[in-house]
Amino acid sequence: MQYWIMKSEPDVFSFDDLKKRPGQKEAWDGVRNYQARNFMRDQMKVGDIVLFYHSSCPVPGIAGLAKVASKSYPDPTQFDPKSEYYDEKATPEKPRWFLVDVAYYKDIPFISLEELKKHKELEDMRLLQKGNRLSILPVSPEEYKFIMKL
DNA sequence: GCCAACGTTGGC
DNA sequence: GCCAACGTTGGC
């Protein structure tokens, strides 16, 4: 079992939005970065815990907990010419982009980025590294435990 | 295979 | 809206 951070812009899709979805579940589509794709395709397992992170907003931070709710499968938006995520080089026979379903797991008090930065124990977190732009990142068990005690 | 140009991310 | 960081693209 692994831990992850998945970023989303709350204006586009927030943790509350996830809770309101049918089955409180959503396909994490639109990821178009190979490293992030590889995490979903190769490493995520059903039941992995996801820190749902709000980015590009007035107060960035961890908004709640979710779980990986499916194995990885091809992102259907890559085949849809009308989608903004359409990829003309992808075919159903040779899909390029993969995703997993993510399901609501648990409410926690909001933990801001500012708060995370205060703790020496978290200074090596990939999320906090300078220049990090990946929308999906692994979180170590130690980091997860520490964050849950904040 | 190099690398410059360009685009995107995301905090501030 | 700015800008640093970094990924991707495409010419050579």
Side-chain angles (χ1 to χ4, degrees), chain A residues 2-21 25-44 48-69 72-140 142-150:
Chain A
Q2 285 189 262
Y3 303 94
W4 305 93
I5 274 191
M6 296 173 88
K7 298 182 191 173
S8 182
E9 299 187 21
D11 291 349
V12 180
F13 188 72
S14 71
F15 188 63
D16 276 342
D17 292 333
L18 177 64
K19 288 204 267 183
K20 289 181 203 146
R21 285 292 146 125
K25 198 162 81 167
E26 179 76 348
W28 204 265
D29 61 16
V31 171
R32 293 295 178 268
N33 169 284
Y34 288 103
Q35 269 184 277
R37 176 203 68 180
N38 292 348
F39 284 140
M40 289 199 283
R41 188 189 61 184
D42 305 334
Q43 293 195 43
M44 282 193 180
D48 281 2
I49 288 178
V50 174
L51 307 175
F52 194 114
Y53 181 87
H54 286 175
S55 67
S56 294
C57 55
V59 187
I62 298 164
L65 297 185
K67 279 191 179 183
V68 175
S72 64
Y73 59 95
D75 180 342
T77 62
Q78 69 191 305
F79 310 127
D80 177 3
K82 292 193 294 288
S83 167
E84 60 174 315
Y85 302 120
Y86 178 60
D87 184 338
E88 56 177 16
K89 291 183 184 157
T91 64
E93 293 72 35
K94 277 195 97 179
R96 179 181 288 195
W97 305 110
F98 289 77
L99 54 69
V100 298
D101 293 342
V102 168
Y104 167 73
Y105 171 42
K106 205 166 150 182
D107 287 304
I108 56 167
F110 185 86
I111 305 166
S112 70
L113 175 61
E114 191 186 10
E115 171 70 22
L116 293 172
K117 284 180 174 169
K118 281 182 193 164
H119 301 281
K120 201 158 193 312
E121 292 85 344
L122 299 177
E123 67 186 7
D124 291 332
M125 255 192 106
R126 289 189 63 179
L127 177 75
L128 303 181
Q129 300 313 303
K130 196 174 170 186
N132 146 65
R133 295 183 309 156
L134 261 189
S135 63
I136 299 176
L137 295 163
V139 175
S140 76
E142 293 74 24
E143 288 160 355
Y144 176 78
K145 265 185 220 159
F146 187 83
I147 292 167
M148 288 305 110
K149 286 180 186 161
L150 290 176

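Quick note on labels: first sequence line is chain A, next is B, and so on, each numbered from 1.
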TODO: Might you work through the side chain to side chain contact (heavy atoms under 4.5 Å, CB included) test for A/Asp75 and A/Arg37, ending with a clear yes or no?
DONE: CA-CA 10 Å; A/Asp75 180 342; A/Arg37 176 203 68 180; over 6 Å; no
Task: Verdict with reasoning, A/Asp101 to A/Tyr73, per side chain to side chain donor-acceptor pair (under 3.5 Å) - done: CA-CA 9 Å; A/Asp101 293 342; A/Tyr73 59 95; 2.5 Å; yes
- [ ] Could you walk me through whether A/Val50 and A/Ile5 pass the side chain to side chain contact (heavy atoms under 4.5 Å, CB included) test, one step at a time?
- [x] CA-CA 6 Å; A/Val50 174; A/Ile5 274 191; over 6 Å; no
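Between A/Tyr3 and A/Tyr144, the ring-plane angle classifies as parallel under the 30° and 60° cut-offs.
Between A/Tyr53 and A/Leu137, every side-chain heavy-atom pair lies at or beyond the 4.5 Å cut-off. Between A/Arg133 and A/Asn33 the shortest side-chain heavy-atom distance does not fall below 4.5 Å.
For A/Lys145, the NZ atom is loosely surrounded, since the number of other residues' heavy atoms within 6.0 Å does not exceed 12.
The span of DNA chain B lying next to chain A, judged by atoms under 4.0 Å from heavy atoms, is bounded 5' to 3' by B/dG7 to B/dC12.
Of the residues in residues 109-135 of chain A, those with a non-hydrogen atom less than 4.0 angstrom from any atom of DNA chain C are A/Lys130, A/Gly131, A/Arg133. Residues from residues 75-97 of chain A with heavy atoms under 4.0 angstrom of DNA chain C: there are none.
For A/Lys117 (side chain) and A/Leu128 (main-chain N/O), no donor-acceptor pair under 3.5 Å exists by modelled atom type.
Ion pairing of A/Lys120 with A/Glu123 is present here, as a side-chain N (NZ or NE/NH1/NH2) and a carboxylate O approach within less than 4.0 Å.
Between A/Trp4 and A/Phe52, the ring centre distance reaches or exceeds 6.0 Å.
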